[in-house]
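Down below is the structure, laid out as structure tokens.
Letters A, B, ... mirror the listed sequences (proteins, then strands); counts begin at 1.
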Protein chains: 2
Amino acid sequence: MSQFAGRDAVAPAVMVPDFPDLPEATVSRLPEYLRALHQLAQLGHDTVSSEALATAAGVKSAKVRKDLSQLGSYGTRGVGYDVDRLVQQIEQVLGLSQRRNVAVIGAGNLGHALAGYAGFPSRGFRISALVDVEPARVGERLYGIPITHLDDLAATVAAEKIAIGVIATPAGAAQQVADRLVGAGVKCILNFAPCVLSVPTDVDVRSVDLAIELQILSFHEHRRTRSALDGVTDGAVPHPVSHTPARKVV
Amino acid sequence: MSQFAGRDAVAPAVMVPDFPDLPEATVSRLPEYLRALHQLAQLGHDTVSSEALATAAGVKSAKVRKDLSQLGSYGTRGVGYDVDRLVQQIEQVLGLSQRRNVAVIGAGNLGHALAGYAGFPSRGFRISALVDVEPARVGERLYGIPITHLDDLAATVAAEKIAIGVIATPAGAAQQVADRLVGAGVKCILNFAPCVLSVPTDVDVRSVDLAIELQILSFHEHRRTRSALDGVTDGAVPHPVSHTPARKVV
DNA sequence: GTTTGTGAAACGCTTCACAGCG
DNA sequence: CGCTGTGAAGCGTTTCACAAAC
């Protein structure tokens, strides 16, 4: 069922449907499919089944089909999906047809690593600005990216057409930086500082806290060793099944 | 309802319940509560209501209560939760009572940033080893952490009692590194390489792909601008509400 | 035969709303 | 009166299973 909604005005070369309310869970998986599809394309596959894509992305095939059907995508029954076309589709939906400019705030260790990360260009992003408060660093270039001062953030955002701000500062500075980003008109923030940010409802924040990731792993490790200890006390449950989102071993 | 299960043998000073099947969603929020609680403690709060903790952690109060009730936690009606006690409880559940040793594989930009990240010690982790394949780097120390060779991984894991492996290599090397970590007995892996890892079911993998985070943000940005464009075509929906997990602005 | 697309069932998580306790 | 703890309702997501299409 194709659901081409919206105005029937001038259409681009590739017909593009609107996506009023793609489920959030689906949205967060589309990038994973995209990554898998690029790999498959490089391996020479022209076409891919939901089963194969599921394996490559580390999910179940039914999920892949449900997700892709939401895009009004045309797979071919008995064959699968056209890899190139699917890549185009997903990139279109994610808004990756145009490259997005990113500003990294905080030119410390993490900001340095982000600036030097080679993976971004091929996946739709360009780090166009590095921002810091340290006057000593301002004016330098890191991997060709100019370092500007936080006080000039609004000007930098405007000049570089920044769509996404990445906060790579200590927790103490993060809220203030977020406020400045919002003030400069940035509506998407990726936050690496270990704190909750307050932003207006029309601003999107995603947070990555490295210690939290480790703590979640720690819980599973802890449970594993605990149940190994008291495994004798009650019924001979062989072993609790893991919760890993990763593929089974081949 | 307190659910103290398990053997009634020698109990530690603080009574510790077992947690056969804490919901995964709850597990992933406990670290966020912990972070918020440490902040509140530092601000001088002895006690905290579910409402206050919810605000500090960026969630709803009912969620906090449900989550904490799973721990068989004792809040006091009319008062709230004892901050110190709750911190202890959560640390216990997450297995943070003992410090966990972490090995970072890949001493590139990202590995460097992780090694230098000051936030880990206070949150239960110690980066005890940096591992690389580059002979030139082996033997150096970074922030006091010795760099060892990937070929000696098993020995390093044993010597340093590594509980968690962090993969900070390019995608091409990640699977091989994962295999070696598994071979060395590591059961928890945090993967920063942009690929899916295959591991046995008893190994836990969490993946953080920076480009994927940006792509999810890109979707929201894309949708925002698209709906701004065709906002005139159909009913005057003022603006789609954001999906930000962050607190509203104050 | 193979594989998609999809209703319908199953599941887990969130939110509500209030009884019960301090 | 305030706040926790929790059944029950509501909602979104996952999984199943199969008819339709190639």
Self-check item: Min side-chain heavy-atom separation A:V166-B:L214 under 4.5 Å
Solution: yes
Quiz prompt | With B:H220, the side-chain hydrogen bond (donor to acceptor under 3.5 Å, both in side chains) member among A:R206, A:E24, A:K187 | solution = A:E24
Quiz item: What residues in residues 38-47 of chain A put a non-hydrogen atom under 4.0 Å from any atom of DNA chain C?
Solution: none
Quiz item: At under 4.0 Å, does any side-chain N or O of A:Y81 touch on OP1 or OP2 of C:dG5?
Solution: yes
Practice problem: Give the rounded distance in Å between these two atoms: CG of A:L71 and P of C:dT4. | Solution: 14 Å
Exercise. Compare all side-chain heavy atoms of A:L197 with those of A:V203 and state whether any distance is below 4.5 angstrom.
Key: no
Exercise. Would you indicate, yes or no, if D:dC3 has its OP1 or OP2 atom less than 4.0 angstrom from a side-chain nitrogen or oxygen of B:S50?
Key: no
Quiz prompt | Carboxylate-amine/guanidinium proximity below 4.0 Å for B:R224 and B:E221 | solution = yes
Practice problem: Could you tell me whether A:R223 and B:D204 make a salt bridge, using a distance below 4.0 angstrom between a side-chain N and a carboxylate O? | Solution: no
Self-check item: Spacing of B:L22 atom CG relative to C:dG12 atom P, expressed in whole Å
Solution: 14 Å
Practice problem: For the residue pair A:Q88 and A:D84, confirm or rule out a side-chain donor-acceptor distance under 3.5 Å. | Solution: no
Practice problem: Please check if any side-chain donor atom of B:H45 sits under 3.5 Å from a side-chain acceptor atom of B:Q39, or the reverse. | Solution: no
Self-check item: Per-nucleotide protein contact string for nucleotides 13-22 of chain D, where B marks a base within reach and S marks sugar-phosphate only (heavy atoms under 4.0 Å, - for neither)
Solution: SSB-B--BBB
Quiz item: Taking atom P of D:dT4 as reference, at what distance in whole Å does atom OH of B:Y33 sit?
Solution: 13 Å
Practice problem: Let me know the distance between CG of A:D21 and C1' of D:dC11, rounded to the nearest Å. | Solution: 14 Å
Quiz item: Taking CG from B:L53 and P from D:dC3, how many angstroms apart are they, rounded to a whole number?
Solution: 14 Å
Quiz item: So do the side chains of B:L71 and B:L30 get within less than 4.5 Å of each other, counting heavy atoms only?
Solution: yes
